[in-house]
Amino acid sequence: QVQLVESGGGLVQPGGSLRLSCAASGSICSIHGMAWFRQAPGKQRELVAAITSDDNTNYADSVKGRFVISRDNAKNAVYLQMNSLKPEDTAVYYCNAQAQTGRVSASVLVLWGQGTLVTVSS
């Protein structure tokens, strides 16, 4: 089975940093886009950052200048470096990927990680 496994969440003080990791496992031909979403209590899930297969990136306005998304194609992994964290960043963070599992384009699957909790509090 193709899965996304996340790690790196935890408790951090305001102004601190965390690095989230997400790796895909299973039979994967290629991964197209990868992204991080987050969902705070009582709110809708929102896009935090995304990265394309050719390393183009985009960020939510609320995290621009503070977060950096990157990917390692050799490891089928995506990372989110979070700096200058604020209490408003507290949420469950989810990894997302579009993975092609075969040689035909119709074999693309949309994958979600299980979520990792980030709590920013003093």
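Just so you know, residue 1 is the first one in the sequence shown, and it goes up from there.
Interatomic distance, Ser30 OG to Gln100 CD, rounded to the nearest 0.5 Å: 4.5 Å. To the nearest 0.5 Å, atom CH2 of residue Trp112 and atom CD of residue Glu6 are 9.5 Å apart. Separating the OG atom in Ser121 from the CG atom in Leu85 is a distance of 12.0 Å, to the nearest 0.5 Å. Atom OG in Ser25 sits 15.0 Å away from atom NZ in Lys75 (nearest 0.5 Å). Leu20 contributes atom CG, which lies 10.0 Å from atom CD1 of Ile69 (distance to the nearest 0.5 angstrom). With rounding to the nearest 0.5 Å, the separation of CD in Gln3 from SG in Cys22 is 11.0 Å.
Side-chain contact between Asn83 and Phe67 is absent, with no heavy-atom pair separated by less than 4.5 Å. A heavy-atom distance below 4.5 Å is not found between the side chains of Val68 and Leu80.
When all heavy atoms of Ala91 and Gln39 are compared, the closest pair comes out as CB-O, 3.5 Å. Closest of all the heavy-atom pairs between Thr90 and Ala40 is O-CB, 3.7 Å. Contact detail for Ser27 and Val2: the closest heavy-atom pair is O-CG2, 3.5 Å. Residues Leu47 and Ala35 approach most closely at CD1-CB, 3.9 Å, considering heavy atoms. Here the shortest heavy-atom pairing between Ala99 and Ile28 reads CB-CG2, 4.4 Å. Here the shortest heavy-atom pairing between Ser53 and Ile31 reads CB-O, 4.3 Å.
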Review point. Passes side-chain contact (heavy atoms from CB on, under 4.5 Å), Cys95 versus Phe37? Steps please.
Key: CA-CA 6 Å; Cys95 178; Phe37 289 75; over 6 Å; no
Check your understanding: Between Asn96 and Leu111, is a side-chain contact (heavy atoms from CB on, under 4.5 Å) present by the stated rule, with each step listed?
Key -> CA-CA 6 Å; Asn96 168 269; Leu111 305 174; over 6 Å; no
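No cation-pi contact links Arg71 to Tyr79, judged by a cut-off of 6.0 Å to the six-membered ring centre and 45° from its axis. A cation-pi geometry, defined here as NZ or CZ lying under 6.0 Å from the six-membered ring centre and within 45° of its normal, holds between Arg45 and Tyr94.
A continuous path of ILVMFWY side-chain contacts below 4.5 Å connects Tyr59 to Met34, so both sit in one hydrophobic cluster. In this structure, Val104 is not a member of the same hydrophobic cluster as Leu109, with clusters built from ILVMFWY side-chain heavy atoms closer than 4.5 Å. Cluster annotation: Val48 is connected to Val12 through the hydrophobic network of ILVMFWY side chains, with a link wherever side-chain heavy atoms come within less than 4.5 Å.
Residues Asp89 and Lys86 are not paired through a salt bridge, judged by the lack of any N-O separation under 4.0 Å between the basic side chain and the carboxylate.
Checking Met82, Arg66, Gln81 one by one against Ser17, the side chain to side chain contact (heavy atoms under 4.5 Å, CB included) holds for a single residue, Gln81.
Between the side chain of Ser107 and the main chain of Gly102, a donor-acceptor pair closer than 3.5 Å is present. Under the 3.5 Å distance criterion, the side-chain polar atoms of Thr57 are left unmatched by any main-chain donor or acceptor of Ile51.
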